[in-house]
Participant: 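Please read through the structure below; I'll follow up with questions.
Since this is a predicted model, take the numbers as computed values, not measurements. Along the sequence shown, the residues carry numbers beginning at 1.
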Amino acid sequence: MMKIYICPDCGWIRMVSRRKEVECFKCGRPQMRLTNLEFGKYTNMSEKERQDYADAWLYIHRKKEK
């Protein structure tokens, strides 16, 4: 089963299977966060939609941390 992870620092999205410890290859963060995004929905998204999702995710989650 494929899972979608996002980096809470830079917003880079990564698909993985069978891993719970997922590092960000873009900024080097040692642990990314699991998203609620389904694999099928993610694969049908355009590059712009994926970027918009990452931007919105970062906006919402950074706001919660403050």
Participant: Give the minimum heavy-atom separation between Arg29 and Pro8, together with the two atoms involved.
Facilitator: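 Shortest heavy-atom separation between Arg29 and Pro8 comes out as NE-CG, 3.2 Å.
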Participant: Nearest 0.5 angstrom please: Cys10 SG to Phe25 CZ, how far?
Facilitator: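 Interatomic distance, Cys10 SG to Phe25 CZ, rounded to 0.5 Å: 12.0 Å.
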Participant: Does CD belonging to Glu38 count more than 12 external heavy atoms closer than 6.0 Å?
Facilitator: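 No.
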Participant: Taking the six-membered ring of Tyr5 as reference, does the cationic atom of Arg33 (NZ for Lys, CZ for Arg) lie under 6.0 Å from its centre and within 45° of its axis?
Facilitator: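 The answer is no, since Arg33 fails at least one limit relative to Tyr5.
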Participant: Strictly distance-based, threshold 3.5 Å: is any side-chain N or O of Gln51 a donor or acceptor partner for the main-chain N or O of Lys48?
Facilitator: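 Side chain of Gln51 to backbone of Lys48, a donor-acceptor pair under 3.5 Å: no, none is there.
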Participant: First locate atom CG of Asn36, then atom NZ of Lys41, and finally report the distance between them rounded to the nearest 0.5 Å.
Facilitator: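 Rounded to the nearest 0.5 Å, the CG-NZ separation comes to 10.5 Å.
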Participant: Kindly compute the distance separating CH2 (Trp57) from SG (Cys7), expressed to the nearest 0.5 Å.
Facilitator: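 Between Trp57 CH2 and Cys7 SG, I get 8.0 Å after rounding to 0.5 Å.
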Participant: Should Met2 and Arg18 count as side-chain neighbours, where that means a heavy-atom distance under 4.5 Å?
Facilitator: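 No. Closest side-chain heavy atoms not under 4.5 Å.
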Participant: So, the side chain of Thr35 versus the backbone of Ile6: is there a donor-acceptor pair under 3.5 Å, distance only?
Facilitator: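 No, Thr35 side chain to Ile6 backbone: no donor-acceptor pair under 3.5 Å.
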Participant: Please answer whether the main-chain N or O of Glu23 pairs with a side-chain N or O of Arg14 as donor and acceptor at a distance below 3.5 Å.
Facilitator: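 A pair under 3.5 Å: yes.
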Participant: To the nearest 0.5 angstrom, please state how far the CG atom of Leu58 sits from the CH2 atom of Trp12.
Facilitator: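 These two atoms lie 14.0 Å from each other.
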Participant: Side chains of Ile13 and Tyr42: does their closest heavy-atom pair fall under 4.5 Å?
Facilitator: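 Yes, close enough: below the 4.5 Å cut-off.
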Participant: With a 4.5 Å cut-off on side-chain heavy atoms, are Leu34 and Lys3 touching?
Facilitator: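 With C-beta onward as the side chain, the pair touches.
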